Amino acid sequence: MMRFGPLFTAALLVTLLATPGLGAEEDLGRTRPPALEGSSLTWCGDVQPIPIDPSLFRDTPVYVANEQPTREVKKWAEQQPGYEDIWIDRDHLGWLVVAFTQDVEARQADLQERFPDDGVVAVEVQHPTKELRALQDRLTDELRGSLDSFAVGVDVTSNITDLSVPYVTEEIVADLEARFAGEPFCIDGLDPAERPVAGPQPTEGDGWTMVGYEHKDARGQNYRTGIATNEAQYQRLWKRSGIEGGAPAVDLVEDVVLWFAVGHGSACPNLRLDDVVVDLQTATVYADIVDVDGNVGCTDDLIGTYQYVVALDRVRLPAGPFVVQLDAPRDRNDVSRDQTVVDIGLTAPGATATKGQIHAAAAARVQPPGRSGTGVETIGTSPYLMDVSCGIGYLGEVNDIDWITDQSAVPEAWRSLVDSRGEVLVNIALRAKPEPHIDATANGLTIRYLPTTQTPPPCEA
């Protein structure tokens, strides 16, 4: 699946920021490529973060955003021998981790004395960051002539340099073993068997039909989505796409029409929409658009756009509200210009959304509702769909922290708001002071949630 976002040069050079849990790549359930069987190379999927003694962590303080004393700790650490880097450990209440190549026990004692009330621990690393960055440069220089697309970065949280290629082939593995055996790097990429098969644009899939598509120049609409629920909306959507000719007939009683527009650079000209995915868990409808050539990174020189207009069977839609976007859902805290927010359900035959119930998220500053696993800021409020199937005692995971309250039963003021999925749409306000808490408000009633280090058992409603 193609990720849409910032575009980079074909020989992509990336330094991975040391902030696990804030934009880190999620585990996509990948398997080790067969070409690495019997190889001495390390697969990035086997790499783990640097282990930290769990006894160094306490239940407090809890950092819910970025209120850690990062600047003060870093300023002190930079004066110590063997200092390498600092990062936020979102898996341990947002504590700071400071890496050293020597005397780590002494540095831990220093930290406890100097920052007794703060959450900060010291860890030992084997490879200096300078060494890993030098390897990053060498890999970039030496592979530029043999690989068309790759990315190299430094992951300080795992103390390793990582190399990403589109597909891990036997030829690439043999070349790397010959030139970089024993070096502190890992390789990432897909099994060549997963490479998209070259072929024409599919005209239909599970519950969807391609109404029209066209490859246009850079003047075409890009990074946009839309939805039409009646004939007038459909005609406007078709006009926005810029596809030549008249709009084909669609049964808008049984279907809705979706529009996906995406731009591309010169390094990634061959895009294809392979599927329209409906994720009921996150109430998201998105396009599975693949780069048939399998590039790691794409150039940012916008030279063309693809316009896709599809009819989707209404019965496949989430109950609503839901979001239409170009890519699989990640952090719902981000509002991107490709998101279209639909406020109501459209599964009923012929159901229509008014103009006021369909929003271009970024233009209207409408934030799609988040669910457990989202991230939010400590400014303002955010819409949040809360699962109350087992009561309201557990709000969910927000900013990688679990939040609970001592109340359990759904309050009277919220009962009428519970939808068919057992969810209530609330507005949540995250605050770091005077103590970390989240206020969840709906229908004039606010419930306060506090952080916990113990994840509640799963709901078995």
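Quick note: residue numbers are just sequence positions, from 1. Everything quoted here is computed from the prediction, not taken from an experiment.
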What I want to check is whether the side chains of [X] and [Y] have a donor and an acceptor closer together than 3.5 Å.
X      : Y      : value
Glu177 : Ser39  : yes
Trp208 : Asp255 : no
Asn222 : Thr305 : no
Gln325 : Gln339 : yes

Requested in this report: Apply side-chain contact (heavy atoms from CB on, under 4.5 Å) to the pair Ile52 and Phe57, showing each step before the final yes or no.
Outcome: CA-CA 9 Å; Ile52 304 173; Phe57 296 100; 3.5 Å; yes

Requested in this report: Show your working on side-chain contact (heavy atoms from CB on, under 4.5 Å) between Ile358 and Gln233 and close with a plain yes or no.
Outcome: CA-CA 11 Å; Ile358 300 175; Gln233 292 172 358; 4.2 Å; yes

**Report entry** Shortest non-hydrogen contact from Ala432 toward Thr378
**Finding:**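 Scanning both residues completely, I find the closest heavy atoms to be N-CG2, 4.5 Å.
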
**Report entry** Which residues share a side chain to side chain donor-acceptor pair (under 3.5 Å) with Arg272, sequence neighbours left out
**Finding:** Asp274

**Report entry** Glu170 atom CD, neighbour heavy-atom count above 12 within 6.0 Å
**Finding:**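 Open: at most 12 neighbouring heavy atoms sit under 6.0 Å from CD of Glu170.
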
Query raised in the report: Above 12 or not: heavy atoms from other molecules or residues under 6.0 Å from CD of Glu37?
Result: yes

Tell me whether [X] contacts the main-chain N or O of [Y] through its side chain, where contact means a donor paired with an acceptor under 3.5 Å.
X      : Y      : answer
Gln235 : Ala247 : no
Tyr306 : Pro269 : yes
Asp188 : Gly45  : no
Thr229 : Ala353 : yes
Ser372 : Glu397 : yes
Thr374 : Arg371 : no
Thr347 : Val315 : no
Tyr63  : Gly119 : yes
Trp403 : Val398 : yes
Asp293 : Asn295 : no

Query - Phe180 and Leu163: CA distance, side-chain angles, deciding distance, side-chain contact (heavy atoms from CB on, under 4.5 Å) verdict - result: CA-CA 12 Å; Phe180 296 97; Leu163 167 67; over 6 Å; no

Query raised in the report: Given Asp141 and Arg138, is the salt bridge (Lys or Arg N to Asp or Glu O under 4.0 Å) satisfied, shown in steps?
Result: CA-CA 5 Å; Asp141 292 340; Arg138 286 174 47 214; over 6 Å; no

Report summary line: For residues 139-170, the disulfide (SG to SG under 2.5 Å) pairs (sequence neighbours left out) are none

Requested in this report: Report yes if some heavy atom in the side chain of Gln68 is under 4.5 Å from a heavy atom in the side chain of Pro61; otherwise report no.
Outcome: no

Query - Interatomic distance, Phe100 atom CZ to Glu105 atom CD [nearest 0.5 angstrom] - result: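 These two atoms lie 13.0 Å from each other.
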
Requested in this report: Only pairs at least two apart or in different chains count here, so list each salt bridge (Lys or Arg N to Asp or Glu O under 4.0 Å) that has a residue in residues 312-323.
Outcome: none

